Amino acid sequence: MTDDSNELVWHHSPQVAFVDDGQRVVLLNLTSPTTARPQLLNTTAASIWRELGEGRTVLDIVGNVSLGASQPREAVVRDVFRFLRELEEAGIVHADGSP
Amino acid sequence: MPETGDLRVSEAVALAHALVAHLADLEGIRILFVKGPTAVALGARHPRPSSDVDVLCEPGGMEGLGVALESCGWHRRNQKDNAHELRHATAYLFDHSIHYIHDEWPCDIDVHYNFPGFLAPEDHVFDALWTKRATVVIASVSVPCAGLYGQAAIMALHALRDPGAARTESDLGFLSEALHQLDHESLSEFASFAAATGCSETLRPFLQRVGAPIMPDPWADPEALLRWTIRTENAGFFAAFWLIELGHRGWPGRVALIWRSLWLPQEELLNQYSEGDLRSRNVAMLQARRWRRVMHSLPRAIRAARRSQRGLS
């Protein structure tokens, strides 16, 4: 993970429908509707998802969300970034300036 | 990430709206959501949870939308009642939709090709609703839906179709309150919309209740209105429709129909009474309960069948 990656601003993909009742977040990725299945986010993923509503960098997310981790901050940043990349590959989020 | 296993009905309904809107968009099919959360958002319905998705599809789009839904694992639900056997009486039942279900989704999708009570041709009704459509955000997606006039007409027709249903009075009361907020000009527009879609007469009690004028209805059809009246007066009393069907059959057909009406298949019986225990003793009890209901409603059913036979004469 580079300094440039820290500058990426992450957003919800417009192709994702989601329901957030304040307790649970459930997504439906409409990019491939024939295989789309509703996905329930766990508590941490839901917190990160909420942050992305207005567009956030990884550092914003780590600063705003209590991730309950006792790991060093660099490790948390790395984990959040990896998670966002997974979501990006699934078409659930996208990053401004991402290749 | 966990998937559909513990999906709640409220979540499923919202996400299914987004899915249907997306599929229709991909296929270039015009749809309008009605009732449910879109009606709640426009103030035409109590904010109570929905258990299914109601969507009106433009004429000619049903097949394409059905194929798209089936490609996503949705399939048609078998008809729960025996209405499909009533070739003649079906005109009184106002069939209006196809139900889709999915093994992993805890909600139905009810795709309407028309809506009972609108007596104008289907394409005309759809175009009138489309012209007055609104957009509502459901599950973070903007979806097209009938506007306030369309939702109000549909909600009121739905309630008036089954006057004895538990929710009818509260739904009509809520809707009346909502429309009482409109000025005179808007009420006239609502009345014009009702006339243009052929529901001035079917909606007459509601229009009068909210103080809207009854405008001349170019689609007024006395035969259709008689069928609507018989349908609404016999809502929940299926015996009337069996008798109407009997009146249109020759003797061999009548014998078969009487036998069929007396002995419903077990699965159909359990569906009607929503009881899952397959023990024969319970089936016999349900059959007996059904016969008691039929006997109780027989005078009303005979009156309806006679009225149907007399027609407008």
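Below, each value reflects all heavy atoms present in this structure, side chains not excepted, and no hydrogens, waters or symmetry copies. Being a predicted model, the structure only gives us computed values, none of them experimental. Letters A, B, ... mirror the listed sequences (proteins, then strands); counts begin at 1.
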*Under the side-chain contact (heavy atoms from CB on, under 4.5 Å) criterion, do B/Leu7 and A/Gln39 qualify, and how do the steps go?*
CA-CA 9 Å; B/Leu7 188 64; A/Gln39 296 176 311; over 6 Å; no

_Go through it in stages, so that I can follow the logic: the residues are A/Val26 and B/Arg8, the test is side-chain contact (heavy atoms from CB on, under 4.5 Å), and I'd like the CA-CA distance, side-chain angles, deciding distance and then a yes or no._
CA-CA 10 Å; A/Val26 188; B/Arg8 294 173 181 162; over 6 Å; no

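A distance of 8.0 Å separates CG of B/Leu23 from CG of A/Leu30, quoted to the nearest 0.5 Å. Of the inter-residue distances, the one linking B/His22 atom NE2 with A/Leu28 atom CG reads 9.0 Å to the nearest 0.5 angstrom. The OG atom of B/Ser10 sits 8.0 Å away from atom CZ of A/Arg24, with the distance rounded to the nearest 0.5 Å.
Of the atoms belonging to A/Asp20, not a single heavy atom falls under 4.5 Å from chain B. B/Leu69 does not touch chain A: none of its heavy atoms, backbone or side chain, sits under 4.5 Å away.
Remark: B/His158 NE2 is loosely packed, at most 12 non-hydrogen atoms of other residues, nucleotides or ligands lying under 6.0 Å away. Crowding of B/Arg167 atom CZ: a count of heavy atoms from other residues, nucleotides or ligands under 6.0 Å not exceeding 12. B/Glu70 CD: more than 12 foreign heavy atoms inside a 6.0 Å radius.
For A/Ala17 against B/Ser140, the heavy-atom pair with the smallest separation is CA-OG, 3.7 Å.
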